[in-house]
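What follows is a set of notes on a single structure, which appears directly below.
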Amino acid sequence: MSNRKKKSFGTKVIFYGVLTFVSLIMIVPFLWMINTSFKDSTKIFTFQWIPDPFRWQNYLDVLEKTPFHLFYFNSIYIAILVTIGTIFFGSLAGYAFAKLSFRGSSILFLCLLSTMMIPVEVITIPLFLLMRDLGLVNTHIPLIGIPILGPAGVFGVFVMRQFFLLVPKELEEAAKLDGCSYFRIYWSIMLPLAKPAIATLTIFTFLTSWNEFYEPLIYINSKELMTLPLALALFTDEVGTKWELLMSASVMATVPLLIVFFFAQKQFIEGVSMTGGK
């Protein structure tokens, strides 16, 4: 083996070794969560590779002591609606900014991007007062509408615009010669080509909406309207935190995220690499 090959092999070993070490550090909290979800309350902070006794009952207790199915449903349908709305409006606006020439488009796009720099805490009070005057406090509408039309929606516009900039103009020109309208070009040509960008945006949007805690805390008062992140606080009372139930609920709350990423991971990786450059 030549010296160059030896150096290349050694570099790869070090590189993958570092990646493996970092991966193990990152996965330890997740493994601890799963392990703790099966423990007895008296052995929460006792190190055990396999919990003894092994308690499946913790998961049943979560379902019996709280309307967990209702929290699950609230989070799922809100996250799905936010994701669909963000993809639809983000792709429409992204197509317009990428392919349509109109006066002031660059300034308008810059203004949109600038909204992403505003901390959410700055606009919380004005938005709350607006939702209150519209009678939408203690409903799910603010949790759906604000992310779609707010900074998260602007991020969707940015991602889709970056992808559409990569689509050759010849495709659009050929479609125009065939008599296609702008919307037909968008719907029949651009969207099918944008699957990697859509997968990327789906994962980011679904993950953000699913884990959102701040906005439900502001707008939701009723227990039956709570989402999962807000409902997890129910396992903490004046006595302390019921760690075994909190970890069991957290494991169940993680499952949809793993499913979404599992089915979209290939397009997600491709989309991240393609939407970063022109």
Side-chain angles (χ1 to χ4, degrees), residues 75-102 104-120 122-123 127 142-172 175 180 182-215 227 229 256-278:
S75 288
I76 286 177
Y77 100 85
I78 289 174
I80 289 176
L81 290 180
V82 170
T83 302
I84 292 175
T86 300
I87 291 173
F88 179 69
F89 291 109
S91 60
L92 273 176
Y95 171 67
F97 282 116
K99 296 299 182 180
L100 304 184
S101 298
F102 55 94
S105 60
S106 299
I107 296 176
L108 181 58
F109 184 68
L110 183 61
C111 291
L112 278 176
L113 289 183
S114 65
T115 62
M116 298 177 62
M117 305 175 190
I118 303 175
V120 64
V122 174
I123 59 176
L127 283 176
L143 308 185
I144 298 172
I146 293 177
I148 293 176
L149 302 176
V154 175
F155 175 74
V157 175
F158 172 77
V159 170
M160 298 306 297
R161 174 185 177 272
Q162 292 301 105
F163 183 87
F164 288 141
L165 287 174
L166 301 175
V167 178
K169 293 182 179 180
E170 289 76 12
L171 286 176
E172 188 178 8
C180 291
Y182 283 118
F183 186 80
R184 180 67 183 276
I185 295 173
Y186 155 79
W187 187 260
S188 300
I189 298 177
M190 294 298 178
L191 278 187
L193 292 174
K195 288 181 181 178
I198 291 175
T200 302
L201 189 57
T202 296
I203 292 177
F204 277 122
T205 306
F206 191 92
L207 177 64
T208 301
S209 179
W210 185 266
N211 289 330
E212 183 61 51
F213 177 81
Y214 184 72
E215 288 183 353
T227 57
L257 300 179
L258 297 177
I259 293 175
V260 170
F261 184 78
F262 177 79
F263 284 104
Q265 60 178 325
K266 183 177 180 180
Q267 273 114 5
F268 169 73
I269 296 172
E270 183 180 351
V272 170
S273 62
M274 295 184 68
T275 55
K278 182 177 177 180

When rounded to the nearest 0.5 angstrom, what is the spacing between [atom1] in [X] and [atom2] in [Y]?
| X | Y | atom1 | atom2 | answer |
| --- | --- | --- | --- | --- |
| Ile123 | Ile146 | CD1 | CD1 | 7.5 Å |
| Ile87 | Thr200 | CD1 | OG1 | 10.0 Å |
| Arg161 | Leu112 | CZ | CG | 10.5 Å |
| Tyr182 | Met190 | OH | CE | 11.0 Å |
| Leu81 | Ile76 | CG | CD1 | 12.0 Å |
| Ile189 | Lys99 | CD1 | NZ | 11.0 Å |

How about [X] and [Y]: do any of their side-chain heavy atoms sit closer than 4.5 Å?
| X | Y | value |
| --- | --- | --- |
| Glu172 | Tyr95 | yes |
| Val82 | Trp210 | no |
| Pro147 | Glu212 | no |
| Phe97 | Leu108 | yes |
| Ile118 | Pro151 | no |
| Ile198 | Phe163 | no |

Could you pull out the closest heavy-atom pair between [X] and [Y], with the gap in Å?
| X | Y | value |
| --- | --- | --- |
| Leu193 | Val167 | CD1-CG1, 4.0 Å |
| Ser91 | Tyr186 | OG-OH, 2.7 Å |
| Gly94 | Phe164 | C-CD1, 3.6 Å |
| Ser209 | Ala79 | OG-CA, 3.3 Å |
| Glu215 | Pro142 | OE1-O, 4.4 Å |

>> Using a 6.0 Å cut-off, check whether atom CG of Leu258 has over 12 heavy atoms from anything other than its own residue.
In response: yes
Indicate yes or no for a side-chain donor-acceptor contact from [X] to the backbone of [Y] under 3.5 Å, with no hydrogens or angles considered.
| X | Y | answer |
| --- | --- | --- |
| Ser105 | Ser101 | no |
| Thr86 | Thr83 | no |
| Thr205 | Leu201 | yes |

>> Going by the rule side-chain contact (heavy atoms from CB on, under 4.5 Å), which residues pair with Ile84 if we only count those two or more places apart in sequence or in a different chain?
In response: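 So Ile84 forms a side-chain contact (heavy atoms from CB on, under 4.5 Å) with Ile80.
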